[in-house]
Amino acid sequence: MSTPETSIHGEWSSRLAFILAATGSAVGLGNIWRFPYITGEYGGGAFVIVYLLCIALIGLPVMMAEVLLGKRGRSSPINSMRILAQEAKRTRWWQALGWAGVVAGFLILSFYSIIAGWALAYIPRVASGMFTVVNDLSTTKEVADFVGARFGDLVGDPLRLLAWHTAFMIVTITMVAGGVQGGLERAVRWMMPALFIVLLVLVGYAMSTPKFMDGVHFMFDVDFHKLFYPKGEFSGEGVLVAMGQAFFSLSLGMGAIMVYGAYLPKHASIAQTTTAVVVADTFIAILAGLIIFPIVFSNGLEPGGGAGLVFKILPIAFGQMPFGSVMGTLFFVLLALAAWSSAISLIEPAVAWLVETGKFSRLSATIGCGVAAWLVGFATVFSFNIWSGVHPLSMFSAFKDKTLFNLIEYLTTNIMLPLGGLFIAIFVAWLMKRQIVAEELESSPESFGYRLWQFLLRYVTPLGVGLVFLNAIGVFS
Ligand code: PFF
């Protein structure tokens with residue numbers, strides 16, 4: 001049985017186009033919103049080290065494996081897994097990996113769209129100079145209170161959140177309906193460099209704040225006690241969250257990178273392209289941390305400020321720095337664009353599958369998926385206001401204070417994505433024919449690089465994910 005030569009959905013115009021699209025998927029709210037907020041909650045340095053180890057030892061090899069599956073299968077993750085399981089003479093059940101990815105994608109998009117909506121909401125706020133008022137306030141506490149209260153106004157109002165969520169989703173649907181070459185490629189090409197430059201300017205501002213070095217120490221001084229005993233008692237959760245963040249930030253474990261791999265030209269090097277994506281993604285997350293934490297400490301705030309952290313911190317900078325309103329507007333526009341280039345990869349697996357069934361046009365498939373994710377998003381919208389006191393799993397101590405949003409974020413990021421990555425690693429490293437794998441990688445199975453990669457996938461990924469899971473449920477405590 002042979003695998004398809006090309007995907008019916010089209011192909012990237014070049015290797016660079018794939019790198020841009022995959023970077024577009026990887027770089028998003030995960031780097032700028034999520035990385036600083038969870039690094040803050042889990043105490044800094046030790047968390048960052050575990051995150052970086054997960055990126056290098058698990059994330060990069062799994063990303064190569066996931067791209068490889070797509071490139072070989074040339075279809076949506078559901079169909080690629082069906083075709084490849086058949087080719088490897090394994091059970092059809094492997095397509096469940098594709099299905100699980102579709103479910104994870106919907107759930108992630110449902111909350112992703114709300115947070116991206118916050119970024120949209122901040123564009124007119126910053127542009128109108130709302131935060132320049134901070135210059136008239138006399139203490140850092142007043143500044144922090146003012147900016148925090150503006151965030152509170154926004155998330156406390158379900159209708160406003162719903163409106164921005166809807167706006168974000170409509171644009172997402174429009175971009176996905178445009179298809180591989182049209183919608184996705186063009187936007188990312190100039191947006192990534194622009195985002196990078198704005199972040200560098202913001203690092204410059206952070207360096208001018210009085211507590212810049214405190215921020216640097218917070219991020220890089222490794223203290224494992226803080227990671228394992230966040231609230232005085234031992235907990236393996238921090239390591240789980242760091243690993244989950246590695247998967248989330250690299251868009252791994254749910255088929256997004258697999259479906260992009262399906263559009264890769266036949267002779268593009270997987271190792272080089274994925275390394276470029278991983279380096280860019282990690283660099284941007286670190287930059288975001290270097291911006292946020294110095295401002296946190298310089299204003300006497302706590303790094304563990306929760307999901308609103310970035311939105312409560314950056315406006316202080318935009319209020320105070322020269323040309324802050326212009327920079328701030330640019331920043332939130334770029335953040336929204338980065339979120340869009342990630343969001344489109346969250347529904348692409350489902351859309352590609354629907355189109356492959358032959359029953360849907362790309363447009364109707366996209367609208368169907370978008371509306372479904374939009375509806376699930378209501379759970380997150382209300383988690384910040386009328387349901388903020390609803391803790392559905394409060395009977396379990398680990399989930400005591402978690403809202404619906406917290407639970408969806410936890411389940412998808414910390415459980416579903418690493419599990420998806422685990423199965424991808426097992427399938428590619430243990431079940432596929434070596435010669436096929438080597439052919440797709442354009443590498444010799446005897447080379448050092450190949451053997452290292454195979455070792456990481458065969459042993460390090462399954463053991464790593466397994467141990468982190470066991471640790472998180474308290475087996476070693
Ligand atoms: N990697 C994206 C980010 O860091 O914002 C989020 C994401 C996109 C996660 C696509 C998973 C995914 F499949």
Side-chain angles (χ1 to χ4, degrees), residues 20-39 51 54-55 59-60 62-63 66-67 69-70 76-77 97-119 168 172 175-176 184 188 191-192 195 199 241-262 274 277-289 307 310 334-352 369 373 408-421 424:
L20 285 168
T23 311
S25 167
V27 174
L29 298 170
N31 309 61
I32 290 168
W33 157 72
R34 199 166 190 278
F35 175 75
Y37 115 66
I38 54 171
T39 300
Y51 169 72
C54 289
I55 291 276
L60 179 60
V62 169
M63 185 182 269
E66 194 172 331
V67 174
L69 289 174
S76 64
L97 187 56
W99 283 107
V102 166
V103 173
F106 271 111
L107 290 175
I108 295 177
L109 183 58
S110 81
F111 71 78
Y112 206 82
S113 174
I114 314 305
I115 315 294
W118 297 355
F168 183 82
T172 305
M175 286 172 125
V176 176
L184 319 191
V188 193
M191 183 195 92
M192 283 297 150
L195 180 65
L199 289 176
V241 174
M243 179 176 77
Q245 174 65 12
F247 279 92
F248 186 85
S249 194
L250 295 176
S251 305
L252 295 179
M254 59 137 286
I257 287 296
M258 201 188 301
V259 81
Y260 277 9
T274 48
V277 177
V278 169
V279 169
D281 186 74
T282 309
F283 205 63
I284 295 210
I286 299 289
L287 279 185
V310 176
L334 291 169
L335 182 58
L337 288 171
W340 267 309
S341 66
S342 301
I344 54 187
S345 72
L346 283 163
I347 49 171
E348 183 66 23
V351 170
C369 294
I408 297 175
E409 190 196 15
Y410 194 95
L411 171 76
T412 51
T413 316
N414 300 334
I415 316 274
M416 295 184 81
L417 298 185
L419 267 185
I424 288 171

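Start at 1 and go down the list; that is how both ligands and their atoms are numbered. The first residue of the sequence shown is numbered 1, and numbering continues consecutively from there.
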Is any side-chain heavy atom of Met191 closer than 4.5 Å to one of Leu334?
yes
Considering all heavy atoms, the nearest Ala116-Phe168 contact:
CB-CE1, 3.3 Å
I need the Phe248 CZ to Tyr112 OH distance, nearest 0.5 Å.
5.5 Å
Within this structure, what is the CG-CG distance for the pair Leu417 and Leu252, rounded to the nearest 0.5 Å?
8.0 Å
Residue by residue, ordered by chain and number, which ones reach under 4.0 Å of ligand 1 with a heavy atom?
Ser25, Ala26, Gly28, Leu29, Gly30, Asn31, Tyr112, Phe248, Ser249, Ser251, Met254, Ala256, Ser342, Ser345, Leu346
Which heavy atom in Pro36 sits nearest to a heavy atom in Ala288, and how many Å separate them?
CG-CB, 4.1 Å
Could you tell me whether the side chain of Ser113 and the main chain of Leu109 form a donor-acceptor pair under 3.5 Å?
no
